[in-house]
Engineer: 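One structure coming up, written as structure tokens, with questions to follow.
FYI, side chains are in, hydrogens and waters are out, and symmetry mates aren't considered; it's all heavy atoms of this structure. Throughout, numbering of the chain's residues begins at 1 and tracks the sequence. Predicted model, so just to flag it, every value in this text is computed and none were measured.
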Amino acid sequence: MKGHGYVARWGGEEFLLVFDGRDLEDAKRIAGDILDEVRKIQIPNTEKYLTMSFGVTQVAFDEDIEILKSKINLIKENNPEFNDLSKNW
């Protein structure tokens, strides 16, 4: 994501993709594009494919990290599969 934002580990299996200067719809499109590409990757010696889940939200630069945490928890509680990129959180 060089030049477009940042990737950071959030938890054991969770990552944040932080986009600079992108609106929510653009972030959803990018997440959808990543999801489409990941789903094409077949696990060697199986008939299974990789999966990935996304939740997309928007945070202002002046918002506290606790607000981001609460938005992430809201996504998890309301959409455990995370794959519905049509929702605004």
Side-chain angles (χ1 to χ4, degrees):
M1 290 191 30
K2 190 175 181 180
H4 299 286
Y6 307 92
V7 176
R9 183 179 290 274
W10 181 260
E13 297 178 356
E14 298 169 327
F15 293 86
L16 293 177
L17 305 176
V18 180
F19 302 109
D20 289 339
R22 303 285 181 146
D23 64 18
L24 192 58
E25 291 306 313
D26 201 21
K28 286 182 192 179
R29 183 191 54 75
I30 293 168
D33 291 347
I34 294 169
L35 186 60
D36 289 343
E37 290 302 312
V38 166
R39 287 179 172 165
K40 294 177 186 176
I41 301 171
Q42 187 170 7
I43 299 171
N45 303 314
T46 73
E47 294 184 21
K48 297 180 180 182
Y49 289 81
L50 289 182
T51 62
M52 185 178 276
S53 301
F54 283 90
V56 179
T57 192
Q58 187 170 8
V59 178
F61 284 110
D62 60 346
E63 286 183 316
D64 187 273
I65 190 68
E66 294 304 318
I67 293 172
L68 176 60
K69 288 179 182 178
S70 67
K71 288 182 178 184
I72 291 170
N73 288 333
L74 180 65
I75 291 169
K76 288 180 178 181
E77 290 169 9
N78 290 292
N79 189 15
E81 294 294 322
F82 287 101
N83 289 323
D84 185 356
L85 296 175
S86 66
K87 292 185 179 179
N88 291 323
W89 302 100

Engineer: For Leu50, enumerate each residue passing the side-chain contact (heavy atoms from CB on, under 4.5 Å) test, keeping only those at least two apart in sequence or located in another chain.
Structural biologist: Val38, Ile41, Ile43
Engineer: Using a 3.5 Å distance criterion without hydrogens, assess whether the side chain of Glu66 forms a donor-acceptor pair with backbone atoms of Ser70.
Structural biologist: no
Engineer: Search all heavy atoms of Lys48 against all heavy atoms of Gln42 and return the closest pair with its distance.
Structural biologist: O-CG, 3.3 Å
Engineer: Among all residues two or more places apart in sequence or in another chain, which pass the side-chain contact (heavy atoms from CB on, under 4.5 Å) test with Lys40?
Structural biologist: Glu37
Engineer: According to side-chain contact (heavy atoms from CB on, under 4.5 Å), who are the partners of Asp23, at least two apart in sequence or on a separate chain?
Structural biologist: Glu25, Asp26
Engineer: From Arg29 CZ over to Ile34 CD1, what is the distance, rounded to the nearest 0.5 angstrom?
Structural biologist: 9.5 Å
Engineer: Spell out, yes or no, whether Ile30 and Met52 are grouped together once hydrophobic residues are joined by side-chain heavy atoms under 4.5 Å, including indirect joins.
Structural biologist: yes
Engineer: Go through the structure and list residues passing side-chain hydrogen bond (donor to acceptor under 3.5 Å, both in side chains) with Glu47, not counting sequence neighbours.
Structural biologist: none
